[in-house]
Amino acid sequence: PPPDDAKSFANEQQPDEGGVMEAAALVGRVARVGDVEQGPFPLSHTRRKANHVTYAVTSAVCLISALLVYFAHRQSLTPRAHWIGSKFRRRPIAIIHIGPRKTASTAIQYALRQNATRAYLEKDNFLYLGKTRQQYWGGQIHAYMVNCVQDERTLSEECTKDGRWTNFAAKLDGLKKRNTNVILSDEGLIRFLSQNPIAMNMFSDAFAGFDIRVVAVYRRYYEWVLSEYSQEVKPRKEMKISKKLERLVGFPQWYSNQTQTSSNETKRSSWYFPLDKASLQPWISQFGNVEIFNMHEDDGNNLIERFICSLREIPSACEAARSGLLPISTEMNIAPPQSLFEAQLVALYIQREKIVPRFAPLDDVVKEIEKLLARTNVKIPRRCLGYADLSDIEIKTLTDEEALLPDFAHADGVIDLARQEFRQAVANNKYCGIKFDLVEKQWKAFFVRLRKDFARQRNTTEG
C-alpha cells in the first residue's frame with residue numbers, strides 16, 4: 001500500500017544505510033573465516049598468497065550476493081518502486097475513474113477540476129487530467145478518447161489522422177518521466193472502451209509505466225435506470241422544440257427499447273450501460289482489478305467527500321474536503337421532481353399536437369399544468385411496466401449487488417432495505433409513462449381554456 005504520509009514516502013526514497021552496513025558486516029564475517037593462526041607450523045609464502053586471493057574473490061562474491069539479496073528484498077516490500085539513475089523512486093500512479101453515467105460523475109469532475117482542488121492535489125504530486133473529451137486549465141491534456149471509438153471493432157479515421165491521441169499519449173509519457181501522478185475521469189470510458197478491444201488496448205498502452213488504479217461507482221440498478229431515463233428524455237432549455245419533441249416517450253416504451261433481450265443477456269444500446277459484471281469484465285481483463293465505490297454505503301458524509309477520501313493516494317485533497325474547503329458541484333444532472341417532469345412531458349405533447357399554440361412559451365404551459373395538478377384532484381393517466389419487467393429490475397438489482405459488493409449485500413438488513421425502496425418506487429408510479437391520448441380526452445376543457453388564455457395574452461401584447 002502507499003505510504004500514509006509524505007514523510008514515510010521521503011524515507012523510502014533513500015536506500016536503507018543500516019541494511020547496507022549489515023551486508024558489509026556479513027561479508028566481514030565470511031572473510032574472517034579464512035584467517036588461520038600461524039601457530040608452530042606457519043604456511044608458506046606462496047600458500048598464504050593463494051589463500052589471500054581466494055579470500056578476496058570470495059569476499060567480492062559475497063558482497064555482490066548480499067547486495068543483490070538486499071535490493072531484491074527492498075523491491076518486494078515496495079512493488080511500485082523502481083530505480084531511476086541513482087534514486088530509488090516509485091512508479092507514478094494513474095487513477096482512472098470510468099463511470100458509469102448517472103453515478104455523480106459530473107459532481108466528481110466539478111470538484112476535481114477546481115483550482116482550489118488542484119492546489120491540494122499538487123501537494124500529493126497529482127495532476128487532474130479532466131475528461132478525455134475536454135481540456136481543463138488551458139492546455140494541460142487533450143485526450144479525445146471517446147471520439148476515437150467509431151464502433152465495436154474499429155477506430156475513427158479522425159482519431160488516427162490528426163494525431164490527437166498520439167499527442168495525448170506523448171504528454172502522458174512526459175508526466176510519467178517526471179514521476180507525476182494523474183487522475184482521469186470520464187463516465188464515457190466504461191461504455192466506449194468496454195465494447196472496443198482496439199481502443200482498450202490503445203488506452204492501456206498510453207498508461208504503460210503507471211501504477212494503474214481503475215475506479216467505478218456503483219448505484220443500484222432500480223435507481224440508475226430511472227435517472228438514465230430522465231437524462232435521456234427530459235427537455236433542456238437549450239434544445240430546439242423539435243429536438244424536445246423527439247424525446248417524448250414514456251418510461252415503459254423507453255425501457256423496452258433499451259433492454260431488448262436475447263438469450264437472457266441485455267444488449268447494450270445507446271448510453272444504456274449500467275455497472276455490472278459484464279461492463280466491468282473487459283477492464284478486469286485488461287488491468288487485473290477494478291475498485292468499486294459504493295454510493296449506498298453512507299457514513300453520514302457528503303458523497304463527493306467520500307469519493308475523494310476513498311482515493312487514499314490524495315490525503316491532502318481528502319482533508320480539504322472534510323474541512324469544507326473544496327467546492328460542491330452546481331452542475332449535477334439531477335432529475336426534476338416527478339410532478340414537474342410529468343408536467344413538462346404533457347406540455348411538450350400538447351404543443352406537438354397543436355392543442356395549444358406553438359407560440360405559447362413552454363415554461364408558461366408547464367406552470368399552468370403544475371397549478372392544475374396542485375389545486376385539483378386531477379390525476380395523470382399512466383401506463384406502467386408489467387410485473388415481468390418489474391421483477392427483472394428487482395432481480396437484476398439484487399444479483400448485481402451480490403456479485404459486485406458481496407460483503408455489503410450480505411450485511412444485515414441491506415437486501416431487505418433495497419427491496420423496500422424499490423417497491424416504494426413502484427407504488428409511487430416511478431416506472432410508469434403517461435397515456436397522452438387519455439390526457440387529451442380527459443383534460444379537454446382545461447386545454448380549451450389554456451388555448452384561449454394564451455391567444456388573449458398575445459393579442460394584448462400585439463395591441
Side-chain angles (χ1 to χ4, degrees), residues 100-103 191 218-234 247-280 294-296 335-346 348-349 373 377-406 408-443:
R101 192 164 77 154
K102 309 313 300 175
T103 57
R191 155 154 161 61
Y218 171 73
R219 185 178 187 180
R220 284 181 176 137
Y221 181 65
Y222 66 76
E223 277 190 14
W224 179 87
V225 72
L226 290 174
S227 185
E228 179 69 13
Y229 167 68
S230 175
Q231 177 74 16
E232 284 294 292
V233 305
K234 71 180 179 183
R247 293 182 162 219
L248 192 57
V249 57
F251 181 85
Q253 180 184 343
W254 174 86
Y255 183 75
S256 176
N257 293 341
Q258 301 301 318
T259 58
Q260 299 295 325
T261 56
S262 173
S263 301
N264 297 321
E265 292 184 2
T266 301
K267 291 182 178 179
R268 307 297 182 174
S269 173
S270 183
W271 274 92
Y272 194 86
F273 220 81
L275 187 71
D276 53 26
K277 291 194 74 173
S279 59
L280 286 181
N294 183 7
M295 291 182 65
H296 305 282
Q338 186 171 0
S339 59
L340 172 59
F341 181 55
E342 291 182 331
Q344 290 173 333
L345 295 181
V346 171
L348 283 172
Y349 174 79
L373 296 173
N377 293 324
V378 171
K379 301 295 183 183
I380 296 179
R382 297 181 176 90
R383 178 182 293 108
C384 299
L385 279 186
Y387 177 80
D389 285 329
L390 291 172
S391 294
D392 288 344
I393 291 176
E394 182 178 28
I395 291 170
K396 179 171 175 55
T397 298
L398 302 181
T399 302
D400 288 348
E401 190 156 303
E402 186 169 9
L404 299 175
L405 300 165
F408 176 73
H410 293 152
D412 291 343
V414 169
I415 294 298
D416 290 340
L417 179 60
R419 284 198 178 101
Q420 180 182 343
E421 290 178 347
F422 170 65
R423 290 169 186 179
Q424 186 61 51
V426 172
N428 292 339
N429 300 313
K430 295 288 188 179
Y431 303 94
C432 299
I434 300 172
K435 293 183 176 181
F436 293 107
D437 53 342
L438 292 182
V439 168
E440 185 176 352
K441 293 177 181 178
Q442 296 176 8
W443 295 15

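Just the heavy atoms: all of them, side chains too, but no hydrogens, waters or symmetry mates, feed the values below.
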Modelled atom types, side-chain donor and acceptor of Glu421 and Tyr222, under 3.5 Å:
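Present: a donor and an acceptor within the cut-off.
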Between Glu401 and Tyr218, does any side-chain donor sit less than 3.5 Å from a side-chain acceptor?
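Yes, side-chain donor-acceptor contact under 3.5 Å.
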Nearest 0.5 Å, please: how far is [atom2] in [Y] from [atom1] in [X]?
X: Cys432; Y: Glu342; atom1: SG; atom2: CD; value: 8.5 Å
X: Thr103; Y: Asn294; atom1: OG1; atom2: CG; value: 11.5 Å
X: Arg220; Y: Thr397; atom1: CZ; atom2: OG1; value: 8.5 Å
X: Leu275; Y: Leu280; atom1: CG; atom2: CG; value: 4.5 Å
X: Leu226; Y: Tyr221; atom1: CG; atom2: OH; value: 10.0 Å
X: Leu417; Y: Arg419; atom1: CG; atom2: CZ; value: 11.5 Å

For Asn428, does the CG atom have more than 12 heavy-atom neighbours from other residues, nucleotides or ligands under 6.0 Å away?
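Result for CG/Asn428: enclosed.
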Within 6.0 Å of CD in Gln442, more than 12 heavy atoms from elsewhere:
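Yes, because the 6.0 Å sphere around CD of Gln442 holds more than 12 heavy atoms from other groups.
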On a heavy-atom basis, which atom in [X] and which in [Y] lie closest, and how many Å separate them?
X: Cys384; Y: Asn429; result: SG-OD1, 4.3 Å
X: Tyr229; Y: Val249; result: OH-O, 2.8 Å
X: Ala425; Y: Tyr431; result: CB-CE1, 3.7 Å

Say whether, by atom type as modelled, one donor and one acceptor occur between the side chain of Ser227 and the main chain of Trp224 under 3.5 angstrom.
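A pair under 3.5 Å: no.
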Is a donor on one side and an acceptor on the other found under 3.5 Å between the side chain of Ser256 and the backbone of Gln253?
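No; judged by distance alone, with no hydrogens or angles, the pair does not exist.
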Is there a side-chain contact between [X] and [Y] (heavy atoms, below 4.5 Å)?
X: Asp437; Y: Lys435; value: yes
X: Leu390; Y: Glu394; value: no
X: Glu223; Y: His296; value: yes
X: Lys277; Y: Asp400; value: no
X: Val225; Y: Pro274; value: no
X: Phe408; Y: Pro406; value: no
X: Ile393; Y: Leu385; value: yes
X: Phe341; Y: Val233; value: yes

Under the criterion side-chain contact (heavy atoms from CB on, under 4.5 Å), I'd like the reasoning laid out for Leu438 against Trp443: C-alpha separation, chi angles, the key distance, then a yes or no.
CA-CA 8 Å; Leu438 292 182; Trp443 295 15; over 6 Å; no
Test side chain to side chain donor-acceptor pair (under 3.5 Å) applied to Glu228 and Arg219, Lys102, Arg101, the passing residue:
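With Glu228 as partner, side chain to side chain donor-acceptor pair (under 3.5 Å) holds for just one option, Arg101.
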For Asp276, is there an ion pair with Lys396 - N to carboxylate O distance below 4.0 angstrom?
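Looking at Lys396 and Asp276, the cut-off is met.
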Classify the ring geometry between Tyr349 and Phe436 as parallel (under 30°), tilted (30 to 60°) or perpendicular (over 60°).
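Parallel: the ring planes of Tyr349 and Phe436 meet at under 30°.
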Classify the ring geometry between Trp254 and Phe251 as parallel (under 30°), tilted (30 to 60°) or perpendicular (over 60°).
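Trp254 vs Phe251 ring planes: tilted.
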